[in-house]
Each structure stands twice: as structure tokens, then as C-alpha cells.
Amino acid sequence: MTLMEWQRGPRAISGVGAMDRLGAEATALSGRQGPILLVADPGVQALAERAETCLATAGCEVARFSDLAGDPKAVQVEAAAALARQSGASLVIGLGGGSALDIAKLVAAVAGGTAPVLDYALAARPFPEGALPVIAIPTTAGTGSEATRVAIFSRPDETGDDVKLWAWGPELQPRLAILDPETTVGLPPHLTAATGVDALVHAIEAATNRNAHSFSQAPALEAIRLVAGSLGRAVAQGDDLEARGQVQLAAFLAGQAIDTAGTGIAHALGHALGTLGRVHHGHAVGLSLAVALASNAAAAPMKHTAVARALGLEGDNALSATALAETYDRLLEQVGLDRDLTSLDLDPVELAAEAGTPENAPMLASNCRSYDEKELLDLCRRLLTA
């Protein structure tokens, strides 16, 4: 047998009303030894106020940080970490999409030291001892940040463009994930679709890449089944709490899967597309997988047959790389993911170069199939002209 490794991950409370547990859970984790830092997306003001009420009722003092927008940036992490140090925070709560959760995780990991967050990029150095505990409350269902030991953030390059980086370490994994589908109800259809596709891509890549094994495939395949059965309903009927809860659970399971096995080429291309074209992450990785899925499936047929069956394919169709790619394409169409990137006017050569940068290299290396420079360029051309 191949040597395998698995870490169980954070506790999770899932279901309608889970948010009501916040006060008691925060008190238990913080021990009331100091204030709580709430890192909240500014777009979820009502939920942030609800969280503060829950915490105040439990006797907790709260400092809120909401100076964030778009993808998390190093400067935002530094500002939030300064607030954590100044307030003497004993617990960090992330409330929002992946950006708010990633900032909360990074703040909790770096607040005990003095080094800037950029020093920890690409695992260049270990985090300081004494990381603060984190409660993650996702208001989107896609990134899986509430389950992982990784965080994404960016820094400006010499031209002023944001370059995506990652940090990794057990200090980044939340202690608790609160999965309440009511927190996602206000998400508009196009973001419900993009974040749900993000969860689907996480699951497919974690089930099929070179690192995949039973510990990643089990949650990944269940996540694929849940997304296939519920994302269309969640997009079409935003108040369907059952559908939203299923996709939210899928995002958490897919997060566990990538925490075990990582991702693949769709994330290398997707990060490049986000850096150069400012395309939403879930949208970017969803379209990127579409151009690579058939060739990936041909290279790793057994792993992709399991994915096909989780998507609902049976018989010979489950064995066909073409049928799998077509089924995936139909799902993107069903949820309304726009395939047209021509308005971005990007150069495929530049996109391929960005996909091959050091921060994206681990994703290319873990993909189930290797792509040489010519093949990678071909994928980029197809992606930009779909």
C-alpha cells in the first residue's frame, strides 16, 4: 500500500440555526481571557451585527475588522493583525467569503510574532508559536477555507498588479466551522454559482491528482455528489435552505479533500487568470478545469470514472472522458457560468507564463497529467477563446 496521511480537521456544526451556537462556542474557545476579533466581510453587515449580539450576550468583548475588499491582500492582513495585537485578542472569528476567512486565519497565525505576513508566503518560514484559535463562519459555499491549513493572499508586483500567494501550516486551520445555510441566503445567483463551482473543482482535483488517495477521495466524491444534486437548485431558488445547506456541506468536505491532497492544473490556470484578468476565483478555476478535464481523464481513467459516477453518469458513459467533460460543461451551463473571456483581451503566452510561476508550480506538479510548455499554451488559448 502507498503511504497515506490524513488529519481530521476542525470541528463542524452544520444546519439551520448553527449560528446561534456562536456565543457559547466562542466562550469555550477563548476562555474569556481577552476580547474577540471579528473579521467580517463588509457585505454582510447584518450578519456581523448578529454575531456581535451573540457574543455580547455571552459576555464577550468584540473588536471588529471590516476593512477588506476583493481578494485578501497582505496590507489588509497587517492591519487586522495590528488590531488583534492592540486589543489583546484571544480568539479570531472569520465571517464572510474566502477572503474574510483567509484574513482571519492569517491574523491568528501571525499575531503572536512581529514578522510581516509576506515572510510566511510559500511556507518560507514557520509561523510563530501561540497561534490564536479561529472560528470560521462561511457566508459563501465554495472556498472550503473553513476546513483547510492554507490561506491565499496577494501582494503588489513592480507594476502594481496583485500577485497571488499562499501560506500553509497547521496554525491556519480553524478550530471550529459553523455551517449555517441561512448565512448564504443573500448571495446573488452568479456568486452562488461561482462559489459552488469552486467547491466542485476542489473536489474533482483532490479526487484525481497525483496525491489522491482514499482519505481525499471519500470526502471529495461525496462533495461532487452534493454539488451535482443541489447547486442548480441553490442558484435558481436562493431561499432553498436544503439546497444551500447541501452545497455548504460540499464546500467543507471539498476543503477537507484539498487539505489532504491539494489541487491541480485548474488552480494554476485559475490563479493566473485571477492575477491577470481579475476573474473571480471560482469562475476562473471552473472554466480552467473545463479545458483540461478530458485530457486529465484520459490520463487517469480510474480516478475520473469515480468522479463521473459521483456526477451521475452510469455504464459506458462513466468510462468516457468525453462524456465526463460534456457533463461538466452542462453543469456550468445549468448554473449560468459565463464561458466568454474574450473581453479581457489577455495574451495566452502571458497567461501560460503566469500559470508556471513558483507560487503555481506545486499545483501543476500535483496534477494527474503533466503538460509541457506547448500543451499548457494550448490550454490557455482554448480557455481564452471558449
Side-chain angles (χ1 to χ4, degrees), residues 2 4 141-142 144 193-235 243 246-247 249-258 260-270 282-283 285-337 339 363 366-371 375 379 382-383 386:
T2 301
M4 299 185 293
T195 52
V197 168
D198 190 17
L200 178 62
V201 175
H202 285 163
I204 292 174
E205 294 204 306
T208 61
N209 69 23
R210 298 180 194 272
N211 307 320
H213 51 65
S214 297
F215 291 142
S216 67
Q217 289 169 327
L221 294 174
E222 175 64 3
I224 293 166
R225 188 187 69 80
L226 291 171
V227 171
S230 299
L231 182 57
R233 286 164 47 208
V235 171
Q246 295 291 284
V247 178
L249 183 56
F252 178 81
L253 291 171
Q256 287 189 316
I258 62 171
T260 301
T263 55
I265 193 168
H267 274 72
L269 291 174
H283 193 173
V285 298
L287 298 189
S288 296
L289 183 59
V291 298
L293 186 54
S295 55
N296 276 355
M302 291 183 63
K303 291 176 179 178
H304 284 84
T305 296
V307 169
R309 288 178 174 145
L311 283 171
L313 291 175
E314 299 177 348
D316 290 343
N317 281 337
L319 306 175
S320 167
T322 300
L324 172 58
E326 290 174 347
T327 299
Y328 177 81
D329 285 345
R330 281 196 297 272
L331 191 150
L332 298 190
E333 292 172 7
Q334 178 193 6
V335 301
L337 207 69
R339 303 289 292 271
M363 302 161 208
S366 66
N367 193 67
C368 63
R369 177 195 190 280
S370 297
Y371 290 85
E375 291 170 324
L379 289 183
R382 290 168 51 203
L383 176 61

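Since the structure is predicted, the reported quantities are computational estimates derived from the model, not experimental observations.
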Donor-acceptor pair between T208 and R369 side chains, under 3.5 angstrom: no
Residues V291 and L379: closest non-hydrogen pair is O-CD2, 3.2 Å
If you round to the nearest 0.5 Å, how far is CD1 of I224 from CG of L311? 6.0 Å
Residue pair A254 / H202: nearest heavy atoms and the distance that separates them: CB-CB, 3.9 Å
Side-chain donor or acceptor of Y328 paired with backbone N/O of A323 under 3.5 Å: no
Take S288 and I265, measure what side-chain contact (heavy atoms from CB on, under 4.5 Å) needs, and give me the verdict at the end. CA-CA 8 Å; S288 296; I265 193 168; over 6 Å; no
Indicate yes or no for a side-chain donor-acceptor contact from T260 to the backbone of Q256 under 3.5 Å, with no hydrogens or angles considered. yes
Could you tell me if the side chain of R210 sits less than 4.5 Å from the side chain of N367, heavy atoms only? no
When you compare the side chain of N296 with that of H304, does any pair of heavy atoms fall below 4.5 Å? yes
So which atom in N211 and which in A261 form the shortest heavy-atom distance, rounded to 0.1 Å? ND2-O, 2.9 Å
Distance check, rounded to the nearest 0.5 Å: L287 atom CG versus D329 atom CG? 9.5 Å
Taking C-beta and beyond as the side chain, do R309 and L221 meet within less than 4.5 Å on heavy atoms? no
What distance do N209 atom CG and K303 atom NZ have between them, rounded to the nearest 0.5 Å? 6.5 Å
Is it true that a side-chain atom of S295 and a backbone atom of A292 form a donor plus acceptor pair closer than 3.5 Å? yes
Might you work through the side-chain contact (heavy atoms from CB on, under 4.5 Å) test for V335 and V197, ending with a clear yes or no? CA-CA 9 Å; V335 301; V197 168; 4.2 Å; yes
Smallest separation among heavy atoms of A321 and A294, with atom names: CB-O, 3.6 Å
Shortest non-hydrogen contact from A257 toward A220: CB-CB, 3.8 Å
Please test L331 against L200 for side-chain contact (heavy atoms from CB on, under 4.5 Å), starting from the C-alpha separation and ending with a verdict. CA-CA 10 Å; L331 191 150; L200 178 62; 4.0 Å; yes
Residue pair L226, V247: steps toward the side-chain contact (heavy atoms from CB on, under 4.5 Å) verdict: CA-CA 6 Å; L226 291 171; V247 178; over 6 Å; no
Heavy-atom donor-acceptor pair, H267 side chain to T263 backbone, under 3.5 Å: no
Roughly how far apart are N317 CG and T305 OG1, rounded to 0.5 Å? 11.0 Å
At what distance, to the nearest 0.5 angstrom, does CD of E205 lie from OG of S216? 12.0 Å
Any Lys/Arg nitrogen of R225 or E222 sitting under 4.0 Å from an Asp/Glu carboxylate oxygen of the other? yes
Separation of L269 CG from Y371 OH (nearest 0.5 Å): 9.0 Å
Closest approach of Q217 to A207 (non-hydrogen atoms, all atoms of both residues): NE2-O, 3.1 Å
